[in-house]
Amino acid sequence: MKRGTQGRILLLLLIVLAIAAFFAFDLGAYLTLANLKARQAELSGYVDANPLAAVAAFFLLYVAVTALSLPGAAILTLAAGAIFGLWEGTLIASFASTLGASLAFLSSRYLLRDWVKARFGGRIEAIDRGIERDGAFYLLTLRLIPAFPFFLVNLAMGVTAMRPITFALISQAGMLLGTIVYVNAGTQLAGIESTSGIFSPALIGSFVLLGLFPLLAKALVGWFRRRRVYRGWRRPRRFDRNLIVIGAGAGGLVTALIGATVRAKVTLIEKGEMGGDCLNTGCVPSKALIRSARSAHEIRTAAAYGVAPAEPEVRFAEVIERIHRIIAEIAPADSVERYTGLGVDVRKGHARLVDPWTVEIDGGDRLTARAIVIAAGGEPAVPPIPGLAESGFLTSDTMWERLRGRETLPERIAIVGGGPIGTEMAQAFARLGASVTQVEHGPRLLPKEDEEVSALVEAILREEGVEVLTGHEAVRVEGKTLVVRKALPLAGGGLGGGAAGEKPRPLSSLTPPLPLPPLGRGKEGDGEGFRAIPFDEIIVAVGRKARLSGYGLEALGIETGRTIAVNERLETLYPNIYAVGDVAGPYQFTHFAAHQAWFAAVNGLFGQLKSFRADYRILPWVTFTDPEVAHVGHNELSADEAGIAYEVVRYDLSHLDRALAEGANRGFVKLLVQPGKDRLLGATIVAANAGELIAELVLAMKHGLGLNKLLGTIHAYPTLAEANKYAAGEWKKAHKPERLLAWLERYHEWRRR
Ligand SMILES: Cc1cc2nc3c(=O)[nH]c(=O)nc-3n(C[C@H](O)[C@H](O)[C@H](O)COP(=O)(O)OP(=O)(O)OC[C@H]3O[C@@H](n4cnc5c(N)ncnc54)[C@H](O)[C@@H]3O)c2cc1C
């Protein structure tokens, strides 16, 4: 048995024994009003004779009663007044009740928190976020209103993430008035007939009002804070728009669309191409490249299907032209014309915030709006690798134009970064026929996925000819050669690079500088771990950073870290300025930007009536390698980090008929399930079309459909989607009702007689 568990059992035993003794010996009989009245003179005499011992004994008794959540705290508070008088009694009762409450709080945390977290996973995370934000106010309210049972408040707060010191300080302050009322009543003990008589309806009413005070105070503080933020700015007397949106990528387009749909007057400003990163340099071109690469791969591996294989003749210029053609085909959906037709006032130009309500375009036109949404996106992070800047390196922002018109595929490609973008590119270029070396500082590719996912993807990339150098750092570029060396181990595990949603990190800053050998000397295995990688093109994909400068954030003092700081309503420092998408994070996906856009648009336009908090718990994402890696909710990595208990159910595609027929049987469906229930906590699918297959599980999670429901749903045969159902079947098999089955066996046996 683990030490923690032993400790818990011991503490629980002690508490149970103490409570049992209290009731077995009927100690409660001593903590009654009648007994207190009868023994008041005797107790006062003892206090006069042994003042210090009396205080200590009373204090300890009070702490024990409150810490064990025993009945009698109210009588003890009266006794404090009766025996010690108003001020001394208040002092003793106030500190003793706080100490007792804190001990009950800590015991509840130690005994129950892990269990509650495991059982209620996602819900307790949401409560914790609320407690982190407003816990002190809630606790103060509960403490001020004596109607909430003292011991319940202690135990309930213990299972939340509230800090013990906050709990103790707020409890002491919140209980003080009630304590004074009781202690004062205790000084008049002779006249009291029952504890309930201490509070008249009028007194209870005033306590309720007092209890509501913290909430009113919070609203007031919020109001003042907002006013203070705007101090120094002159608010326009009238606004010429309802909403101004900066940036026409996924985040900005969806924001503008929602605004126009509800008939608000919306202006959308874009300095570059409509459609932003996803359409022009991100998702669309990368997925189009991946498709061409798959064709090449299929020709090369056709023998597996009984068709003569060949080395594909890749017409690189046509591959790149196809990419641009697809961008052009999609572009009308994001165009100025379409959005103008939908009622959005679209302006081309560079937007700059002038004040919290005014945006200037290209230093000329000034527009005002009650709400502004910043959707300025992000750009590739470029690590300070010596020589890189002079190398003519490519990023996702530049490669599609730079490769345009080129007749042949670059023969040797070095890719720096092992996140989703780097890994998708590595596989695609290798399939097209390039000799690809992928360098990743961390110990594995796709570091946000579980280890087995990284291992499978890495193995497939290697089989397809990619040289994967995980645990390697790019140290410099000299002409057309990248020098890497084995990375020193990182504290706290490896970091991946290049993933959408990951922290960009300066590669060369992660390890101390070492003297570098001249090129051509250092070889892997030479003891220093240096390696020279000649390339024709080098692609940097170590992550993306939010666009944070050049459009007025600094002048307005809008807080930024890696991204613009926003609250759950997506408000920046100024509650009328919102931020969404890559510029706000924490994730960097098109569908995430669109999801946030709904909240920013609705809060911006209707926030004075009702505002909404964005929730990212059920967010899917897909890495478009072959097989694809699709992910929703928790995987083992994130569940372990969050301390959430889970059961793993795995279904291997090597058993699936359709996957076998397709020759796509490497991969699996892995479900994380709440122990004791059929509720999904998350899923990872590694499979051909995993991005499509995950949709069913996203829907199940979003609408609370358990594995039993999934199992009871007809899936067409033979499809890859059956894998989801079979995974649910694996879970069912592991939870067979053995007892019932034993009874059924007996029943059938009896029927055969
Ligand atoms: C190679 C690659 C592949 C990707 N693949 C996927 C994928 O498969 N799936 C997925 O979900 N995500 C993917 N992403 C991520 C996705 O592209 C982004 O998360 C998404 O585009 C973010 O949208 P956004 O609206 O926040 O920003 P953006 O699309 O970057 O739009 C911001 C816009 O704001 C404009 N702008 C900035 N400042 C100003 C200013 N001052 N005035 C006027 N205009 C301004 C910019 O010009 C830009 O057009 C990929 C990214 C890359 C790089």
Side-chain angles (χ1 to χ4, degrees), residues 244-257 267-290 323 334 346-354 359-363 367 372-381 394-400 415 417 419-426 428 498-502 504 539-553 563-564 570 578-597 600 619-625 628-631 691:
I244 297 176
V245 185
I246 300 178
L253 287 170
V254 176
T255 308
L257 182 65
T267 293
L268 172 67
I269 310 167
E270 171 56 56
K271 67 174 179 178
E273 298 293 331
M274 293 290 285
D277 189 45
C278 183
L279 171 63
N280 300 293
T281 57
C283 336
V284 172
S286 60
K287 268 79 251 182
L289 180 81
I290 286 168
I323 290 172
D334 294 352
V346 185
R347 308 285 184 98
K348 294 303 290 279
H350 180 96
R352 187 176 68 84
L353 290 158
V354 175
V359 176
E360 187 181 82
I361 306 177
D362 283 341
L367 317 177
I372 296 172
V373 175
I374 303 171
E379 55 203 9
L394 302 175
T395 66
S396 59
D397 266 13
T398 58
M399 60 191 286
W400 315 109
I415 296 180
I421 296 174
T423 305
E424 286 179 6
M425 291 294 134
E502 274 173 47
I539 300 174
V540 174
V542 297
R544 294 177 55 77
K545 57 178 188 180
R547 228 174 247 127
L548 299 173
S549 60
Y551 57 97
L553 297 182
T563 52
I564 294 181
L570 301 169
Y578 300 79
V580 302
D582 283 7
V583 81
Y587 300 98
Q588 294 174 326
F589 302 112
T590 296
H591 47 283
F592 176 72
H595 176 72
Q596 284 186 322
L619 173 76
W621 69 70
V622 183
T623 301
F624 293 87
T625 45
E628 292 177 0
V629 177
H631 173 134

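Read the numbers this way: they start at 1 and go in the same order the structure lists the ligands and their atoms.
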Nearest neighbour of [atom] from the list [options], on a heavy-atom basis:
atom                    : options          : answer
atom 12 (N) of ligand 1 : T590, V583, V359 : T590
atom 8 (O) of ligand 1  : Q596, K287, H350 : K287
atom 14 (N) of ligand 1 : A248, C283, G282 : C283
atom 36 (N) of ligand 1 : K271, E424, Q588 : K271
atom 32 (C) of ligand 1 : A375, G276, G247 : A375
atom 33 (C) of ligand 1 : R352, E270, E273 : E270

(request) With heavy atoms only and a cut-off of under 4.0 Å, state how M274 meets ligand 1: side chain, backbone, both or neither. (result)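 Contact part for M274 vs ligand 1: neither.
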(message) Under 4.0 Å, heavy-atom basis, I'd like to know which part of F624 is in contact with ligand 1: side chain, backbone, both or neither.
(response)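 F624 to ligand 1: side-chain contact only, backbone stays beyond 4.0 Å.
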For ligand 1, which atoms sit closer than 4.0 Å to a heavy atom of [X]?
X    : result
R544 : 53 (C)
G377 : 26 (O), 27 (O), 28 (P), 30 (O), 32 (C)
G249 : 25 (O), 29 (O), 31 (O), 33 (C)
A376 : 32 (C), 34 (O), 37 (C), 38 (N)
S396 : 1 (C), 53 (C)
H591 : 11 (O)

Just distances here: any N/O of [X] and N/O of ligand 1 closer than 3.5 Å?
X    : result
Y551 : no
A351 : yes
D277 : yes

(message) Applying the side-chain contact (heavy atoms from CB on, under 4.5 Å) criterion to E379, which one of D397, D277, D582, T395 satisfies it?
(response)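 Per the side-chain contact (heavy atoms from CB on, under 4.5 Å) rule, the option paired with E379 is D397, out of D397, D277, D582, T395.
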(message) Could you check whether any side-chain heavy atom of I290 comes within less than 4.5 Å of a side-chain heavy atom of K287, counting everything from C-beta outward?
(response)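 They are in contact (side-chain heavy atoms under 4.5 Å apart), so the answer is yes.
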(request) Give me the ring orientation class for Y587 and F592: parallel if the planes are under 30° apart, tilted from 30 to 60°, perpendicular past 60°. (result)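 Taking F592 first and then Y587, their aromatic rings stand perpendicular (interplane angle over 60°).
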(request) Spell out, as yes or no, whether a donor-acceptor pair under 3.5 Å connects the side chain of K545 to the backbone of G378. (result)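 A pair under 3.5 Å: no.
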(request) Indicate yes or no for a side-chain donor-acceptor contact from N280 to the backbone of M274 under 3.5 Å, with no hydrogens or angles considered. (result)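 Yes.
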(request) Not counting sequence neighbours, which residues clear ring pair (Phe, Tyr, Trp, His ring centres under 6.0 Å) with H350? List them please. (result)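 So H350 forms no ring pair (Phe, Tyr, Trp, His ring centres under 6.0 Å) with any residue.
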